[in-house]
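Structure record follows, encoded as structure tokens.
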Amino acid sequence: MASYEPKAIEAKWQQAWAEEKTWEVANPGQHGYDGEKPKSYVLEMLPYPSGEPHVGHLKCYAVGDAIAHFRRRHGFEVIHPMGYDAFGLPAENNAIKTGEPPREATERSIESFSRQFREWGISIDWSRELATHKPEYYRWTQWIFLRLFERGLAYRDEAPVQWCPKDATVLANEQVVDGRCERCGTPVEQRRLEQWFFKITEYAERLLADFDLLESWPEHVVTMQRNWIGRSEGAEATFRCEDLSLDFPVFTTRPDTLFGATFFVLAPEHPELERLIAGTPAEAAVREYVNQVARESVEDRGDEDRPKTGVPLGRSVVNPVNGEEIPMFVADYVLMEYGTGAIMAVPAHDGRDYEFARAFDLPLRRVIEGTDPEAARDDEGLPYPGDGAMTASGRFDGKHNREAYGEIVAWLAAEGRGREAVNYRLRDWLVSRQRYWGAPIPVVYCEECGIVPVPEDQLPVELPEVDDYAPQGRSPLAAAEDWVATECPRCGGSARRETDTMDTFVDSSWYFIRYLDPRNEEVAWDRAAADHWLSVDQYIGGVEHAILHLMYARFFTKALADLDQLSVQEPFANLFTQGMITRDGAKMSKSKGNTVSPAEYVARYGADTARTYVCFMGPPERGGDWSDEGVEGVNRFLSRLWRLCEEVEGRGDGDLDPSTAEGEVRELLAKAHWAIDKVTRDFGRGFQFNTAIAAVMELVNEAYRVKDDLYGDEGGVAAVRFAAATGASLIFPFAPHLGAEIWERLSGTRVWEEPWPQADPVLLSSDTVTLVVQVNGKLRDRIEAAADAPESELLGLARASEKVRRHLDGKEVVKEIVVPGKLVNLVVR
RNA sequence: GCGGGCGUGGCGGAAUUGGUAUACGCGCCAGGUUUAGGUCCUGGUGGGCUUCGGCCCGUGGGGGUUCAAGUCCCUCCGCCCGCACCA
């Protein structure tokens with residue numbers, strides 16, 4: 001008997017799928033379009049091609065492919081494309097280090113990914129393959145940028161960046177370690193640069209509201225996004241600096257504490273700071289403080305436990321509710337990025353303001369009484385963040401603060417000194433990167449006309465070849481002088497190109513649309529194709545993208561819908577996040593030397609084993625620790641299934657009628673139908689693939705146990721063959737090559753063209769059931785009973801049990817509980 | 001600190017609605033096949049006690065609800081992931 005040879009089997013089927021283009025699907029109107037079937041868009045997050053695929057990729061695509069196969073066999077026309085998120089920092093850093101152009105390293109990696117995905121047998125429509133670094137793709141990324149620009153959703157503003165003075169380059173957060181440049185250890189400085197932003201904040205409300213439109217997203221992902229958007233309701237109140245006739249609006253969630261404001265604080269980056277101090281005695285001290293803050297690392301500044309620091313400005317503002325003048329300060333605990341960059345400080349009711357007041361010996365004023373009226377008289381129990389009656393608040397005294405809240409806001413509004421306001425933590429998306437390896441921003445700067453978008457017919461703005469990828473105090477693209485110097489598209493005068501490139505998150509915010517019409521040279525996508533396939537019915541990827549990528553893609557979808565380019569508001573109707581695979585309990589990393597190379601395992605055991613193993617390790621949404629022994633266990637199981645097939649293939653038949661089957665033949669058929677039912681339900685309850693695969697293992701084990709007895713019986717061989725074929729059919733989504741091979745040998749057809757099997761309800765039910773008998777909730781015996789036996793009969797059987805009677809001896813049965821099909825519990829006293 | 005997730009055998013994990021705790025896999029033990037090892041096949045495998053009939057304990061700790069709790073409630077402890085003075 002031939003043993004299981006995955007290499008030969010896998011090569012055979014991969015060749016068939018490639019030659020026959022089995023997984024390609026056509027768009028409506030195209031040749032081969034099947035309008036009969038409902039569509040299903042199954043998508044895994046596209047990989048970033050760096051080096052070789054790792055086990056995280058294997059898991060993601062194994063899970064996604066199982067879902068794609070399952071849907072196909074349920075009659076869906078499944079679109080299942082693949083592409084590469086090819087721009088990005090690692091390839092550029094590699095280029096700086098080795099001089100190898102990023103394009104070469106990236107395309108070599110894409111080769112490797114593409115080859116391995118085929119070796120894994122992932123059912124991809126390769127005709128739709130794309131890579132974001134190709135001009136035919138980023139041309140349309142640039143096109144979207146221009147559409148957003150037209151809509152006012154792309155704008156320029158000054159923003160601080162982290163700057164390494166030695167390398168003369170902007171650093172990404174991940175390149176800053178302990179406030180120092182990762183490469184040379186030089187302390188990082190802050191610089192301000194004019195940069196491009198996308199106005200995602202304009203969509204904050206819709207990004208929150210439209211969670212309702214999603215079919216199924218993990219609750220924790222929705223929660224993380226909610227927190228990230230960070231909506232808070234409150235009020236804006238305007239404090240006025242009379243000396244300079246300057247208004248300072250502040251956002252507060254506690255307008256009810258306005259009467260308790262005893263000082264006022266600006267962020268060190270506040271734009272009006274300069275005017276406030278110019279020519280005043282405070283000027284030198286404030287400037288010194290602001291510079292010192294600018295030198296601090298972001299982490300240091302973010303440390304909550306640090307003592308509060310700041311400097312008085314020698315100015316004051318007027319509290320709009322009581323006309324009181326309160327002193328102004330600058331302090332680093334106020335952030336320019338949140339709210340208005342200025343706060344009213346209420347030290348009696350806010351912890352941070354309290355700390356600051358203590359450090360600078362500023363007065364506290366209690367305006368809300370706590371539960372303890374005694375405490376209201378002195379500073380006991382401060383800061384007090386809770387609710388209570390108002391005090392020291394003029395005509396609001398005595399009212400409950402929750403009630404006064406609305407009245408104070410209304411009063412402010414009537415006076416023109418404030419209004420209701422909603423503030424978001426979410427900030428606009430900074431998309432400029434002072435990098436080479438990204439899509440050029442399609443804009444030129446003309447001396448006459450200013451910012452001029454590149455006309456659509458001049459796209460793509462192609463990334464020029466450069467010799468040196470190291471930035472020398474400017475974006476590496478600035479070195480390509482011939483490329484930078486251009487003509488103004490508007491006036492024809494001399495102009496310079498934008499030398500920043502786009503954040504790679506921009507590339508990956510719309511790739512799922514381009515898949516639907518990837519070769520279109522006229523438009524970014526054909527509207528009818530997009531309308532047909534969107535939304536993505538099942539999106540699969542790592543939870544590490546729970547916030548940024550998913551939020552950006554949602555924003556793009558909404559913006560594109562507003563631009564009348566799409567008909568959906570949400571890109572991904574259902575989201576599944578897979579957990580991370582670890583090794584020896586730790587995250588895999590090259591530096592730790594604990595990486596697992598999928599290629600190695602595929603070479604040794606075959607792709608089917610590797611794929612099935614990552615699905616069997618545990619629930620796919622959770623993480624799991626890689627175990628070589630576990631891989632062998634799965635390989636053993638697939639080999640057993642293989643040998644079962646070998647044993648019954650072509651063996652003398654004898655027809656099998658499930659409705660009249662008896663004894664062990666019927667039991668084996670029943671086990672097969674149980675497995676069908678179990679696997680089907682496990683797909684339905686959140687892709688519980690580990691238990692689905694366990695069910696197929698049970699079926700195979702059962703077949704092994706009984707097969708030698710069955711071969712003599714009427715229909716015995718056929719029953720074992722049915723078990724093997726069913727096992728192959730059910731394991732196919734995880735081990736497609738083996739599943740296809742066994743199915744073909746036993747049935748002569750192609751398993752992916754077969755509908756998903758249906759469990760026969762007759763074989764799922766049993767005439768007799770085993771019930772548990774408990775006395776006072778403790779298990780005492782098991783009894784066999786007819787499945788439809790009435791309660792009285794079950795009670796009789798329970799009481800008749802010798803083991804049960806021993807525990808009833810001399811006691812009174814006070815309660816009898818019967819759960820049909822499950823148990824009988826007798827409560828005695 | 002805030003938000004999210006999680007604690008079950010030697011290990012990964014299972015347990016649909018509160019109803020047989022530990023399915024399946026690994027590991028280990030025994031038997032069979034084999035010249036031997038490996039492969040392969042079968043069986044066993046939570047802990048303690050046992051008069052060998054069974055009995056008691058057991059899902060991070062403690063408490064509660066219930067005829068019945070891994071599952072629900074309260075409380076404490078530990079681990080993992082995100083975010084960081086959010087006004």
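Throughout, protein chains are lettered first and strands after them, A, B, ... in sequence-line order, and every chain is numbered starting at 1.
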Inset, instruction - Could you tell me whether A:Arg705 atom CZ has more than 12 heavy atoms of other residues or ligands within 6.0 Å of it? - result: yes

Inset, instruction - With C1' as the reference atom in both, quote the distance from B:G5 to B:C85 in angstrom, rounded to an integer. - result: 26 Å

Inset, instruction - Look at the rings of A:His270 and A:Phe248 and say which category their plane angle falls in: under 30° parallel, 30 to 60° tilted, over 60° perpendicular. - result: tilted

Inset, instruction - Please determine which of A:Thr252, A:Thr257, A:Asp256 meets the side chain to side chain donor-acceptor pair (under 3.5 Å) test together with A:Arg254. - result: A:Asp256

Inset, instruction - With the side chain of A:Ser232 defined as its heavy atoms from C-beta on, choose the nearest nucleotide among B:G12, B:C85, B:A87. - result: B:A87

Legend entry - Between B:A87 (P) and A:Asp353 (CG): distance, integer Å: 11 Å

Inset, instruction - Taking Watson-Crick and G-U wobble pairs with both distances under 3.5 Å, convert RNA chain B into its dot-bracket string, 5' to 3', dots for unpaired and | for cross-strand pairs. - result: (((((((..(((......[....)))((((((.......))))))((((....))))..(((((..]....))))))))))))....

Legend entry - Check: A:Phe734 ring centre within less than 6.0 Å of A:Phe689 ring centre: yes

Legend entry - Of the listed nucleotides B:A87, B:G19, B:G25, the one nearest the side chain of A:Gln774: B:G19

Legend entry - Selection from B:C55, B:C67, B:C26 that lies nearest to any side-chain heavy atom of A:His807: B:C55

Legend entry - Cationic N near anionic O, under 4.0 Å, A:Lys671 to A:Glu702: no

Legend entry - CD/A:Glu205: more than 12 non-hydrogen atoms of other groups inside 6.0 Å: yes

Legend entry - B:G13 versus B:G7 - spacing of their C1' atoms, nearest Å: 13 Å

Legend entry - A:Arg554 and A:Gln225: CA distance, side-chain angles, deciding distance, side chain to side chain donor-acceptor pair (under 3.5 Å) verdict: CA-CA 11 Å; A:Arg554 294 181 65 214; A:Gln225 290 208 0; 2.9 Å; yes

Inset, instruction - Select one nucleotide: of B:A14, B:A87, B:G82, the one nearest the side-chain heavy atoms of A:Arg622. - result: B:A14

Inset, instruction - Please determine, for the side chain of A:Val819, which listed nucleotide (B:G19, B:G4, B:G27) has the closest atom? - result: B:G19

Legend entry - A:Arg427, nearest nucleotide to its side chain (from B:G3, B:G19, B:C86): B:C86

Inset, instruction - Using a cut-off of strictly less than 4.0 Å between a heavy atom of the residue and any atom of RNA chain B, enumerate the qualifying residues of residues 700-707 of chain A by number. - result: A:Asn701, A:Tyr704, A:Arg705

Legend entry - Gap in Å between the two C1' atoms, one belonging to B:C29 and one to B:G78, rounded: 34 Å

Legend entry - A:Trp626 CH2 to B:G12 C1', straight-line distance once rounded to whole Å: 13 Å

Inset, instruction - For B:C41, take OP1 and OP2 only and decide whether either is under 4.0 Å from a side-chain N or O of A:Arg643. - result: yes

Legend entry - Rounded distance (Å) that lies between atom P of B:U39 and atom CD of A:Glu646: 21 Å

Inset, instruction - Classify the side-chain pair A:Thr238/A:Asp247 by whether it contains a donor and acceptor separated by less than 3.5 Å. - result: no

Inset, instruction - Determine the interatomic distance between P on B:C79 and the same-named atom on B:C41; round to the nearest Å. - result: 43 Å

Legend entry - Syn-anti status, with the boundary at 90° from 0, for the nucleotide B:G9: syn

Inset, instruction - With the side chain of A:Gln688 defined as its heavy atoms from C-beta on, choose the nearest nucleotide among B:U16, B:C26, B:A14. - result: B:A14

Legend entry - A:Arg780 vs B:C55: side-chain N/O to OP1/OP2 distance below 4.0 Å: yes

Inset, instruction - Give a yes/no answer on whether the side chain of A:Lys822 brings an N or O atom under 4.0 Å of OP1 or OP2 in B:G19. - result: no

Inset, instruction - Give the nucleotide from the list B:G4, B:C24, B:C86 with an atom nearest to the side chain of A:Met697. - result: B:C24

Legend entry - Minimum-distance nucleotide to A:Val827 side chain [options: B:C67, B:A23, B:G3]: B:C67

Inset, instruction - Using the closest heavy atom to pick a nucleotide of RNA chain B for each, name whichever of A:His220 or A:Arg425 lands nearer the 5' end. - result: A:His220

Legend entry - 5' priority, RNA chain B, between A:Asp350 and A:Val634 [closest heavy atom]: A:Val634

Inset, instruction - Using the P atoms only, state how far B:G10 lies from B:G48, rounded to an integer number of Å. - result: 10 Å

Legend entry - Exceeds 12 heavy-atom contacts within 6.0 angstrom, atom CZ of A:Arg685: yes

Inset, instruction - Tell me whether the OP1 or OP2 atom of B:C41 has a side-chain N or O from A:Arg640 closer than 4.0 Å. - result: yes

Legend entry - Test item: side-chain donor near acceptor, A:Tyr613 and A:Asn635, under 3.5 Å: no

Inset, instruction - Looking at every strand, decide which applies to A:Thr223 at a 4.0 Å heavy-atom threshold: base, sugar-phosphate, or nothing. - result: sugar-phosphate

Inset, instruction - Sticking with atom C1', work out how far B:U42 lies from B:U33, rounded to a whole angstrom. - result: 11 Å

Legend entry - B:G53 glycosidic torsion: syn (within 90° of 0) vs anti: syn

Legend entry - Spacing between A:Phe329 atom CZ and B:A87 atom P, to the nearest angstrom: 22 Å

Legend entry - Spacing of the P atoms in B:C11 and B:U65 (rounded, Å): 33 Å

Inset, instruction - Please check the phosphate of B:C83 (OP1 and OP2 only) for any side-chain N or O of A:Arg226 closer than 4.0 Å. - result: no

Legend entry - side-chain N/O A:Arg352 vs B:A84 OP1/OP2, d < 4.0 Å: no

Inset, instruction - Using the six-membered ring of A:Tyr601, assess whether NZ or CZ of A:Arg604 lies under 6.0 Å from its centre and within 45 degrees of the ring axis. - result: yes

Inset, instruction - Could you state the atom-to-atom distance from CD of A:Glu629 to P of B:G25 in whole Å? - result: 16 Å

Inset, instruction - Tell me which nucleotide among B:C85, B:A14, B:G25 gets nearest to the side chain of A:Asn690. - result: B:A14

Inset, instruction - Ignoring hydrogens and angles, state whether a donor on the side chain of A:Tyr711 or A:Glu647 is under 3.5 Å from an acceptor on the partner side chain. - result: yes

Legend entry - Spacing of the P atoms in B:G60 and B:A15 (rounded, Å): 16 Å

Legend entry - Side-chain N,O (A:Lys778) to OP1/OP2 (B:C57) below 4.0 Å: yes

